[in-house]
Amino acid sequence: MPVCSLVSEDDSHKPIQLHHQQSVTLGRGPETKIKDKKCSREQVELRADCNRGFITVKQLGVNPTNVDNVVVGKGNQVTVKPGQRLYMVNQQYPYRVRFTEDTSTPRSAAELSKPSKRAHRMSSEGNAEKIKSPANTASDHHKMSDDSPPPKKIPPSGSDKSESAGHWSQGLKVSMQDPKMQVYKDDRVVVIKDKYPKARYHWLVLPWDSISSLKALRSEHVELLKHMQRVGDQMLQQCPDAHKLRFRLGYHAIPSMSHVHLHVISQDFDSPCLKNKKHWNSFTTDYFVESQDVIAMLEHDGKVTVKEGTSESLKLPLRCHLCRKEQPTIPKLKEHLKTHLPS
DNA sequence: GTTCTAGAAC
DNA sequence: GTTCTAGAAC
């Protein structure tokens with residue numbers, strides 16, 4: 001898992017380590033060397049999500065904390081990603097967040113063996129059910145302690161093939177009902193592995209309720225979407241590689257497949273199924289809308305709007321999502337991505 | 001969403 | 001000549 005540090009941009013003190021999912025309160029004091037009385041001793045509460053590469057910032061003090069040019073506001077919470085600037089108070093004391101790969105601490109044998117013990121079911125919700133199935137393709141090869149016969153292909157039982165039901169765009173509705181595809185389910189959602197994963201880990205979280213697309217979402221769906229995101233986060237908790245890979249959770253602005261689905265995808269993009277520009281840009285441009293942004297939009301506006309011209313994002317030049325370097329072709333891009341893979 | 005392939009790009 | 005893309009068909 002990457003390590004997060006909060007870096008003072010005017011270099012007034014050493015970077016402050018933020019540990020994954022541990023809240024830290026900062027403000028006027030020795031750690032920041034801020035002596036400004038406008039800055040509360042408890043100005044902000046910070047919490048890093050190292051898997052997903054952002055921190056949340058809650059303003060506790062009365063005077064404004066800013067992210068770029070926007071005031072957070074007392075009691076409010078926002079996220080800060082690399083590239084954004086956090087000002088502790090009054091547009092002063094600039095900070096950046098930085099995520100670096102943790103190469104210093106090799107994992108213990110105990111930690112390594114932990115993820116393969118899949119016996120413990122997913123924790124939080126009572127009626128959740130972790131289905132006995134390897135969670136990913138990448139480690140299956142070495143991990144398969146499988147005593148069951150290889151999965152057989154059973155044709156979909158619904159033989160009443162009305163034209164729309166059999167259409168390729170309805171494929172997710174079929175897959176999500178197939179117990180062999182299900183990796184997790186509870187009373188509200190089901191998780192399946194993407195049939196054509198675009199990275200080492202690529203899951204889809206789908207609600208049982210049929211919601212055709214982002215356009216159909218309303219305020220009443222906020223809780224469901226929050227649950228989908230929680231379930232997506234839980235997938236990372238049981239993912240054996242979550243410590244060394246970054247993940248993003250989000251929706252395609254204009255998906256091809258019907259039925260709302262949350263992508264949970266590792267950021268290695270190391271997959272033979274990633275074949276063309278559309279694949280690439282759908283996960284690395286504005287076409288990919290963060291789960292938290294969808295939820296925020298829904299809470300704020302009661303609906304989700306997609307910026308006009310978002311479909312044009314699919315035609316953008318191939319650009320590395322990590323170093324922003326442009327690549328001429330898909331094969332060259334894939335070659336380039338190898339340079340960013342964790343060792 | 002994928003597969004297939006003509007023809008552009010090299 | 002081969003590689004790669006983009007659009008049609010499914």
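Here is the naming used below: chain letters follow the sequence lines, and residue numbers restart at 1 for every chain.
A salt bridge is absent between A/R188 and A/D209; no separation between the charged side-chain nitrogens and carboxylate oxygens falls under 4.0 Å. Between A/E299 and A/K226 a salt bridge is recorded (basic side-chain N to carboxylate O distance below 4.0 Å). Remark: A/D68 does not engage A/R85 in a salt bridge, criterion side-chain N to carboxylate O under 4.0 Å. The existence of a salt bridge linking A/D286 and A/K307 is confirmed by a sub-4.0 Å separation between a basic side-chain nitrogen and an acidic carboxylate oxygen.
Residue A/Y93 forms a side chain to side chain donor-acceptor pair (under 3.5 Å) with just one option from A/T32, A/T65, A/N66, A/D36, and that option is A/D36. Of the residues listed (A/F247, A/F283, A/Y251), the one engaging A/H263 in a ring-ring contact (aromatic ring centres under 6.0 Å, His included) is A/F283, and it is the only one.
Counting non-hydrogen atoms of neighbouring residues, nucleotides and ligands closer than 6.0 angstrom, the CD atom of A/Q92 exceeds 12 such neighbours. For A/K58, the NZ atom sits in a loose shell: 12 or fewer heavy atoms of surrounding residues, nucleotides or ligands are nearer than 6.0 Å. Atom NZ of A/K38 has 12 or fewer neighbouring heavy atoms from other residues, nucleotides or ligands inside a 6.0 Å radius.
Contacts of residues 265-281 of chain A with DNA chain B (heavy atom under 4.0 Å): A/K275, A/H279. Only at 4.0 angstrom or more do the heavy atoms of residues 318-339 of chain A sit from any atom of DNA chain B, so none qualifies.
The CG-P distance, from A/L316 to C/dA6, rounds to 12 Å in whole Å. Summarising the geometry, the separation between CG on A/L172 and C1' on B/dT2 is reported as 13 Å, rounded to the nearest angstrom. We find that CE of A/M257 is positioned 5 Å from C1' of B/dG1, with the value rounded to whole Å. Remark: C1' of C/dT5 and CG of A/L314 are 15 Å apart, rounded to the nearest angstrom. In this entry the distance linking OH of A/Y196 with P of B/dG1 reads 12 Å, nearest Å. Atom CD1 of A/I192 is separated from atom C1' of B/dG1 by 12 Å (rounded to the nearest Å). Straight-line distance from the NE2 atom of A/H252 to the C1' atom of B/dG1: 11 Å, rounded to whole Å. Distance A/K195 NZ to B/dG1 P: 13 Å, rounded to the nearest Å.
No contact: A/H261 has no heavy atom under 4.0 Å from any strand.
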